[in-house]
Amino acid sequence: MADQSIPEARTPRTAPAQTEAVPADEGISRRHLLGTAGATGLVLGTAGAAVGYAAAPSEAAAPLTSLGTDRAMFHGKHQPGITDGLQARGHLVAFDLTAGAGRKEAAALLRRWSETARRLMAGEPSPHEDTDVARDAGPSSLTITFGFGHSFFGRTGLEKQRPTALDPLPEFSSDHIDKKRSNGDLWVQIGANDALVAFHALRAIQKDAGSAARVRWQMNGFNRSPGATAHPMTARNLMGQIDGTRNPKPSEADFEQRIFVPEKGEPAWMANGSYAVVRRIRMLLDDWEKLSVKAQEDVIGRRKSDGAALSGGTETTAMDLEKTDAKGNLVVPINAHARITRPDQNGGAAMLRRPFSFHDGIDPDGVPDAGLLFICWQADPLRGFVPVQRKLDRGDALSQFIRHESSGLFAVPGGAAEGEYVGQKLLEG
């Protein structure tokens with residue numbers, strides 16, 4: 001939830017290197033929209049606002065909207081779901097290998113998962129007993145990403161291949177970690193711009209696990225739906241704050257070295273991969289919403305309306321950390337979240353944060369169980385997440401309004417080439 005935390009909201013198209021739009025008149029396997037008797041078609045204006053409904057069912061096939069046709073590519077230099085734009089729906093799920101399952105079973109599982117991911121991301125049915133949940137949908141920017149936890153290497157006899165960057169995260173004083181909802185041998189991130197497409201992928205991945213792995217924990221999240229605003233903008237979180245202004249961008253010269261393991265990095269099987277820190281961060285919304293807007297802005301260090309720094313300008317104007325008001329007080333408070341998390345205040349530490357919000361109802365105390373499924377990507381968590389979190393731990397004004405409830409760190413290998421599966425270099429190397 002740092003100042004650099006959430007990628008800029010974009011139209012529902014993924015990064016150019018991994019994206020292709022599927023023309024509506026081309027076959028998308030079983031996923032196409034058909035006008036049916038009694039169906040009601042939503043008519044969209046040029047600005048994306050609903051302006052009316054079809055008065056009668058159409059006899060002709062209705063084309064997929066751009067939302068449905070957007071497609072992320074499974075094969076590539078990096079795995080999908082890292083540099084792609086924020087998606088409207090997401091599922092995070094961790095698995096543990098079952099008793100007796102080892103390297104051979106893990107390799108077979110990753111082979112199954114990779115084939116399923118490739119097919120579903122192309123808008124095709126699952127190769128194994130498809131449930132038809134997404135029969136009428138296009139790819140909808142679906143991405144499926146796979147990672148390995150610290151415990152995976154011991155269970156598969158691959159301890160010598162375990163990266164030092166995967167050493168367990170240190171404990172932080174503000175943590176309230178539930179170990180049952182933390183870590184895991186394997187981690188899967190699923191995102192899509194359609195809820196049924198995302199759920200369909202989740203069920204396919206869970207079914208493919210078979211007897212080799214069992215679910216350790218699962219979390220479900222969401223973001224603003226593409227087209228819900230009149231223009232692209234940085235996302236807002238459940239506190240109402242524009243969040244993600246200073247996120248690293250792929251256009252920056254040092255983006256690759258900050259976020260991805262280099263081609264000749266160590267270990268070799270992690271080339272072009274990244275490390276994901278996953279945290280379930282509960283927002284204490286009842287307490288937060290009692291604050292005035294001015295008090296909320298002082299906690300964050302940015303205006304709530306447009307995300308601009310309290311020192312002035314627009315959202316992208318550089319923050320003036322030395323600016324004072326008429327009384328000589330710092331305009332951006334010394335413990336403001338945006339001040340503490342700045343890379344130039346943390347030795348250049350940078351993370352690409354790509355989270356989902358969550359709301360899991362009301363807890364026994366009658367307060368919302370809601371917040372952020374925090375996911376951040378970096379080439380080395382000891383130089384990315386850890387130093388920033390340590391500094392936040394020592395005096396972030398936001399800390400009294402949030403609670404870290406679960407945690408995980410996963411090694412996410414590079415993308416699979418045509419004919420390969422994710423993690424093949426590790427499991428067959």
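Both backbone and side-chain heavy atoms feed into the values below; hydrogens, waters and symmetry mates do not.
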Treating [X] as the side-chain partner and [Y] as the backbone partner, does any N or O pair qualify as donor plus acceptor under 3.5 Å?
{"X": "Ser114", "Y": "Tyr421", "answer": "no"}
{"X": "Asp130", "Y": "Ser126", "answer": "yes"}
{"X": "Asp243", "Y": "Asn237", "answer": "no"}
{"X": "Asn247", "Y": "Gly244", "answer": "no"}
{"X": "Ser140", "Y": "Gly138", "answer": "yes"}
{"X": "Gln296", "Y": "Trp288", "answer": "yes"}
{"X": "Asn193", "Y": "Ala88", "answer": "yes"}
{"X": "Gln218", "Y": "Leu92", "answer": "no"}
{"X": "Asp365", "Y": "Val367", "answer": "no"}
{"X": "Arg339", "Y": "Leu321", "answer": "yes"}

Give me the atom names and distance for the closest heavy-atom approach of [X] to [Y].
{"X": "Ile242", "Y": "Gly307", "result": "CD1-N, 3.7 Å"}
{"X": "Ile177", "Y": "Ser407", "result": "CD1-CB, 4.0 Å"}
{"X": "Ala209", "Y": "Trp113", "result": "N-NE1, 4.0 Å"}
{"X": "Ala94", "Y": "Asn183", "result": "CB-O, 3.5 Å"}
{"X": "Ala349", "Y": "Pro387", "result": "CB-CG, 4.1 Å"}
{"X": "Arg280", "Y": "Phe358", "result": "NH2-CE1, 3.0 Å"}

With side-chain hydrogen bond (donor to acceptor under 3.5 Å, both in side chains) as the test, would you mind laying out the steps for Asp393 and Ser173 before giving the verdict?
CA-CA 6 Å; Asp393 216 31; Ser173 63; 3.0 Å; yes

Quick one: do the [X] and [Y] side chains pair a donor with an acceptor below 3.5 Å?
{"X": "Glu263", "Y": "Asn272", "value": "yes"}
{"X": "Glu256", "Y": "His78", "value": "yes"}
{"X": "Arg403", "Y": "His176", "value": "no"}
{"X": "Asp178", "Y": "Ser406", "value": "no"}
{"X": "Gln378", "Y": "Ser274", "value": "no"}
{"X": "Asp396", "Y": "His337", "value": "yes"}
{"X": "Arg214", "Y": "Thr98", "value": "no"}

Proximity of Trp377 and Tyr275 rings by center, below 6.0 Å
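That pair fails the under 6.0 Å test.
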
Phe95 and Trp217: aromatic ring centres closer than 6.0 Å?
no

Audit row: Val412, Gln79, side chain to side chain contact (heavy atoms under 4.5 Å, CB included) steps and yes/no
CA-CA 8 Å; Val412 177; Gln79 284 197 60; 3.3 Å; yes

Would you mind listing every salt bridge (charged side-chain N to carboxylate O under 4.0 Å, His left out) that reaches into residues 225-235, with sequence neighbours excluded?
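Listed by first then second residue: nothing to list.
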
Could you list all the salt bridge (charged side-chain N to carboxylate O under 4.0 Å, His left out) pairs where at least one residue sits in residues 142-162, not counting sequence neighbours?
Arg155-Asp185

I'd like to know if [X] and [Y] make a salt bridge, using a cut-off of under 4.0 Å between side-chain N and carboxylate O.
{"X": "Glu420", "Y": "Lys425", "result": "yes"}
{"X": "Lys290", "Y": "Asp286", "result": "no"}
{"X": "Asp369", "Y": "Arg282", "result": "yes"}
{"X": "Asp208", "Y": "Arg112", "result": "no"}

Where do Leu109 and Leu186 land on the side chain to side chain contact (heavy atoms under 4.5 Å, CB included) test, with the steps shown first?
CA-CA 11 Å; Leu109 174 56; Leu186 294 156; 3.8 Å; yes

Near [X] [atom1], under 6.0 Å, is it more than 12 heavy atoms from other residues, nucleotides or ligands?
{"X": "Arg390", "atom1": "CZ", "result": "no"}
{"X": "Lys207", "atom1": "NZ", "result": "yes"}
{"X": "Arg103", "atom1": "CZ", "result": "yes"}

Using side chain to side chain contact (heavy atoms under 4.5 Å, CB included), reason through Arg181 and Met219 one step at a time and then give a plain yes or no.
CA-CA 9 Å; Arg181 293 193 294 181; Met219 301 175 189; 4.0 Å; yes

With [X] via ring pair (Phe, Tyr, Trp, His ring centres under 6.0 Å) - residues at least two apart:
{"X": "Phe199", "result": "none"}
{"X": "Phe356", "result": "none"}
{"X": "Phe410", "result": "Trp187"}

Hey, can you tell me if Phe260 and Phe255 have their rings parallel, tilted or perpendicular (30° and 60° cut-offs)?
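Ring orientation of Phe260 relative to Phe255: perpendicular.
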
Might you work through the side chain to side chain contact (heavy atoms under 4.5 Å, CB included) test for His200 and Thr131, ending with a clear yes or no?
CA-CA 7 Å; His200 177 246; Thr131 62; 3.3 Å; yes

What side-chain donor-acceptor pairs closer than 3.5 Å can you find for residues 164-172, not counting sequence neighbours?
none

Look up atom CD in Glu297 and atom CD in Gln241, then write down how far apart they are to the nearest 0.5 Å.
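The CD atom of Glu297 sits 7.0 Å away from the CD atom of Gln241.
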
